[in-house]
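Hydrogens, waters and symmetry mates play no part in the numbers below; they use all other heavy atoms, side chains included.
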Amino acid sequence: MSRKRIVVAVTGASGAVYAGRLLRALLVGGHEVHLVLSKYGRYLLAEELGFAPGKESVREFLARLYGEETAAGELHEYGAGDLAATIASGSVPLDGMAVVPCSVKTLSSVARGAANSLIERAADVSLKERRPLVLVVRETPLNLIQLRNMVAVAEAGAIMLPAMPAFYQKPKTLDDLGDFVAGRVCNMLGVEHRLFPAWEGP
């Protein structure tokens with residue numbers, strides 16, 4: 001399995017399980033992860049997965065939640081306001097980016113080409129450098145403005161991957177549902193995984 005360099009951004013839409021399972025899969029797989037948490041993305045991990053920002057690092061949190069196997073990968077974390085970070089430059093070779101979950105506010109910013117935060121700038125860089133950009137929007141129902149923003153980012157080259165887990169794999173836990181979405185993100189990023197079985201027909 002080839003080692004990938006992936007940017008993962010976590011924003012404030014509900015659905016921390018999708019972010020957690022994607023981070024687990026990438027790190028257990030030995031990949032290099034460049035992580036950016038928005039203010040409310042950090043809050044989301046605390047509220048939905050039990051992250052304790054004042055007491056542990058993200059690395060320690062993931063090890064506590066998913067086991068020491070996550071140490072196989074490399075994790076770099078950046079502040080959302082750090083526009084001087086390496087991932088803000090197109091000259092840095094990366095293999096793709098996923099925003100998971102992606103709030104409709106972040107979707108709107110990417111659609112407008114805004115680069116007011118590192119998440120928005122890294123997404124903009126992914127588009128201009130023709131790298132995979134996967135947006136896992138977690139919102140329902142969707143209004144016309146949000147739908148038009150989805151079309152705009154898709155036309156610009158992004159991959160819209162709404163958080164819609166399937167059930168043919170007979171999930172038994174929330175983690176199973178999270179793994180399905182994480183696995184679909186991995187597929188779009190060219191990352192090998194064994195998060196769910198491929199459909200083999202009846």
Side-chain angles (χ1 to χ4, degrees), residues 1-11 15-38 41-42 44-45 51 57-63 65-102 106-107 109-110 113 115 117-137 153-154 156-161 163 178-196:
M1 180 188 300
S2 62
R3 188 170 187 260
K4 301 282 188 177
R5 304 181 75 207
I6 304 294
V7 178
V8 176
V10 181
T11 66
V17 64
Y18 303 123
R21 300 307 287 184
L22 176 62
L23 289 168
R24 176 191 173 278
L26 292 173
L27 292 172
V28 169
H31 301 287
E32 181 179 328
V33 176
H34 296 263
L35 177 66
V36 190
L37 304 177
S38 73
R42 189 174 296 274
L44 177 75
L45 292 183
F51 177 39
S57 67
V58 175
R59 169 67 84 177
E60 291 167 339
F61 161 65
L62 293 171
L65 195 63
Y66 299 124
E68 293 300 326
E69 296 89 349
T70 55
E74 194 174 328
L75 180 66
H76 305 274
E77 186 181 355
Y78 309 87
D82 185 7
L83 290 174
T86 58
I87 62 172
S89 173
S91 65
V92 177
L94 297 164
D95 294 299
M97 176 176 179
V99 185
V100 52
C102 179
T106 302
L107 169 68
S109 295
V110 175
S117 73
L118 181 57
I119 293 173
E120 296 164 11
R121 171 59 185 167
D124 197 49
V125 167
S126 294
L127 291 176
K128 79 181 186 70
E129 297 295 324
R130 306 296 192 266
R131 298 170 185 155
L133 171 63
V134 183
L135 303 181
V136 183
V137 174
V153 295
I159 299 163
M160 293 305 310
L161 199 155
D179 279 346
F180 182 86
V181 172
R184 296 295 288 153
V185 173
C186 286
N187 287 348
M188 297 299 100
L189 295 172
V191 174
E192 296 179 28
H193 68 88
R194 295 180 181 175
L195 295 173
F196 62 87

Query raised in the report: Once the angle between the rings of His76 and His34 is folded into 0 to 90°, is it parallel (under 30°), tilted (30 to 60°) or perpendicular (over 60°)?
Result: parallel

Query raised in the report: Just wondering, are more than 12 heavy atoms of other shown residues or ligands nearer than 6.0 Å to CZ in Arg184?
Result: no

Query - pair Ile119-Ser38: side-chain heavy atoms closer than 4.5 Å - result: yes

Query raised in the report: Between Thr70 and Val28, is there a donor-acceptor pair closer than 3.5 Å when you use the side chain of the first and the backbone of the second?
Result: no

Query - Side-chain donor/acceptor of Asp95 to backbone N/O of Arg5, under 3.5 Å - result: yes

Requested in this report: Kindly indicate whether the side chain of Pro101, heavy atoms from C-beta on, has any atom under 4.5 Å from the side chain of Val10.
Outcome: yes

Query - Check: Gly30 main-chain N/O paired with Arg3 side-chain donor or acceptor under 3.5 Å - result: yes

**Report entry** Heavy-atom side-chain proximity of Ile87 to Val125 below 4.5 angstrom
**Finding:** no

Query - Gap separating the CG atom of Leu27 from the CZ atom of Arg59, nearest 0.5 angstrom - result: 5.5 Å

**Report entry** Heavy-atom closest pair, residues Val100 and Ala19
**Finding:** O-CB, 3.2 Å

Requested in this report: Compare every heavy atom of Gly15 with every heavy atom of Leu44, then report the nearest pair and how far apart it is.
Outcome: CD1-N, 4.0 Å

Query raised in the report: Which residue pairs satisfy the salt bridge (Lys or Arg N to Asp or Glu O under 4.0 Å) criterion with at least one member in residues 122-134, sequence neighbours excluded?
Result: Arg121-Asp124

Report task. Please lay out, stage by stage, how Val110 and Val99 fare under the test side-chain contact (heavy atoms from CB on, under 4.5 Å). Result -> CA-CA 11 Å; Val110 175; Val99 185; 6.0 Å; no

Query raised in the report: If you look only at pairs with a residue in residues 81-101, which of them pass as a ring pair (Phe, Tyr, Trp, His ring centres under 6.0 Å), with sequence neighbours excluded?
Result: none

Query raised in the report: Is Val181 close to Arg21 at the side-chain level, that is, under 4.5 Å between some pair of heavy atoms?
Result: no

Requested in this report: Calculate, to the nearest 0.5 Å, the distance between atoms CG and CG belonging to Leu45 and Leu23 respectively.
Outcome: 8.0 Å

